[in-house]
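Convention: sequence-line order gives letters A, B, ...; per-chain numbering from 1. All values reported here derive from a predicted model rather than from experimental measurement.
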Protein chains: 2
Amino acid sequence: MANMNDVTNDFDLEQFLPYLLNQAAEATSHSFEKEYRDRYGFTRTQWRVLANLGKFGAMTARDICAIGHIEKTKVSRAVAALETTGMLHRSPSERDRRAEVLSLTEKGLGVFAELGSMAVSFDRQLRDMLGSDQAGQLQALLRRLMALSPSSSQS
Amino acid sequence: MANMNDVTNDFDLEQFLPYLLNQAAEATSHSFEKEYRDRYGFTRTQWRVLANLGKFGAMTARDICAIGHIEKTKVSRAVAALETTGMLHRSPSERDRRAEVLSLTEKGLGVFAELGSMAVSFDRQLRDMLGSDQAGQLQALLRRLMALSPSSSQS
DNA sequence: TTGACTTAGTTGCGTACGCAACTATTAGTG
DNA sequence: CACTAATAGTTGCGTACGCAACTAAGTCAA
């Protein structure tokens, strides 16, 4: 006498990891996004590109794609935008004339410093809410997940 | 004699939870997205709306917004699309003439069953890669994070 | 050197989205 | 009841994006 409707599989949205990850990502990113959007008119991708350059120093667009798992057209457009707002500077690579080495300008560094410190305190709040051990666990798990994933070229 | 450049705060992208969450969410969602996009031409939001209706049964758009933390215009458009492809059916609510009760059609239920079982096996793969205790931890942490978040109306 | 293949980066086109503004209905208050 | 505020849902407009196609430069081998 099983439920006739057992076509309905045992799928449970609330336990579906991609769904939970998405929700958590949206929820946390969304509030911080307001900061860079309102203050500097940045896109999420622009913020990421800036953050990568700020953290790791001058590098090529291709490197940003690889490190940040960001698709190249997204990076291309973000770089263009950051350049026109004077945040970064492109200089032709000498090793490869197809590539350009990107580096933050003084202005870009300043903005990175500001947003970076806001990010730090935002992150601290999150970690405080979670409790620092749990936050650490979460971080480790996310890292592991990334390491296991097929990596791919990402969205 | 601190580093003159200590405007450079201690921000570390690789430890920034919103960033890690985003990467993990993108990475995991991206591969599953291919399934519903290729097979049914669904948007991520369409898939989520269908999944919520499939899991929780008939409900109003507003409820979907609340449960799934999805913004209402997104839901509105997804519902419209799912209706034109015959996945769901709207009937006017008797309690509130502004609202409409949404329910999956036979076709919608069938599609939900198919995608649901694919989701189950996709999720199982993820959990196998992580190890089931770690997967469980991750799930619990994400839930907790969502519970703590200001919730808001979400993207 | 030349020709086939890969790679760095850009761009055109179509789509999903975010936000603000809108309509229609309901709730609340004197 | 009358009038204001809140709510369910839709839509117009501008933007960021995904994908495929493209240009230009590098690689590799015969």
Of A:Gln46 and B:Val101, the one whose nearest nucleotide on DNA chain D sits closer to the 5' end is B:Val101

- [ ] Measure the shortest side-chain to side-chain distance between B:Gln46 and B:Val49 over non-hydrogen atoms and say whether it is less than 4.5 angstrom.
- [x] no

Can you list the steps and then say if B:Glu14 with B:Tyr19 is a side chain to side chain donor-acceptor pair (under 3.5 Å)? CA-CA 8 Å; B:Glu14 315 260 274; B:Tyr19 181 83; 5.1 Å; no

Picking from C:dT25, D:dC17, C:dC19, the nucleotide nearest the side-chain atoms of A:Thr43 would be D:dC17

_Ignoring hydrogens and geometry beyond distance, is the side chain of B:Arg98 in donor-acceptor contact with the base of D:dT7 at under 3.5 Å?_
yes

Taken to the nearest whole Å, CG/B:Asp96 to C1'/C:dG28 is 15 Å

Self-check item: Aromatic ring proximity A:Trp47/A:Tyr36, centre distance under 6.0 Å
Solution: yes

OP1 or OP2 of C:dT10 under 4.0 Å from side-chain N/O of A:Ser76: yes

A:Lys74 atom NZ is separated from C:dG9 atom C1', nearest whole Å, by 17 Å

Whole-Å distance, A:Ile64 CD1 to C:dT10 C1', equals 15 Å

Separation of D:dC19 atom P from B:Asp38 atom CG, nearest Å, is 10 Å

key: Contact check, side chains of A:Val79 and A:Arg90, non-hydrogen atoms, under 4.5 Å   = yes

Presence of B:Arg90 side-chain N/O under 4.0 Å of D:dT10 phosphate oxygens OP1/OP2: yes

Whole-Å distance, A:Glu26 CD to C:dG18 C1', equals 12 Å

Atom CD of A:Glu33 and atom P of C:dG18 are separated, to the nearest Å, by 9 Å

Considering only heavy side-chain atoms of A:Lys72, the closest of D:dC17, D:dT10, C:dG9 is C:dG9

Worksheet item: Does OP1 or OP2 of D:dC17 have a side-chain N or O of A:Thr45 closer than 4.0 Å?
Response: yes

Does C:dT26 have OP1 or OP2 sitting under 4.0 Å from an N or O in the side chain of B:Arg97? yes

Rounded to whole Å, the CD-P distance (A:Glu71 to D:dA20) equals 10 Å

Note: for B:Arg77 and B:Asp63 on DNA chain D, the residue whose nearest nucleotide lies more 5' is B:Asp63

Requested in this report: Answer with yes or no whether B:Arg44 presents, from its side chain, a donor or acceptor under 3.5 Å of a partner atom in the base of D:dG18.
Outcome: no

Check your understanding: Does D:dG9 have OP1 or OP2 sitting under 4.0 Å from an N or O in the side chain of B:Thr60?
Key -> yes

Taken to the nearest whole Å, CG/B:Leu88 to P/D:dG9 is 12 Å

Of A:Ala61 and A:Arg37, the one whose closest nucleotide on DNA chain C sits nearer the 5' end is A:Ala61

Discussion item. I want to check something: taking the side chain as every heavy atom from C-beta on, are A:Leu50 and A:Met87 in contact at a cut-off of under 4.5 Å?
Written reply: yes

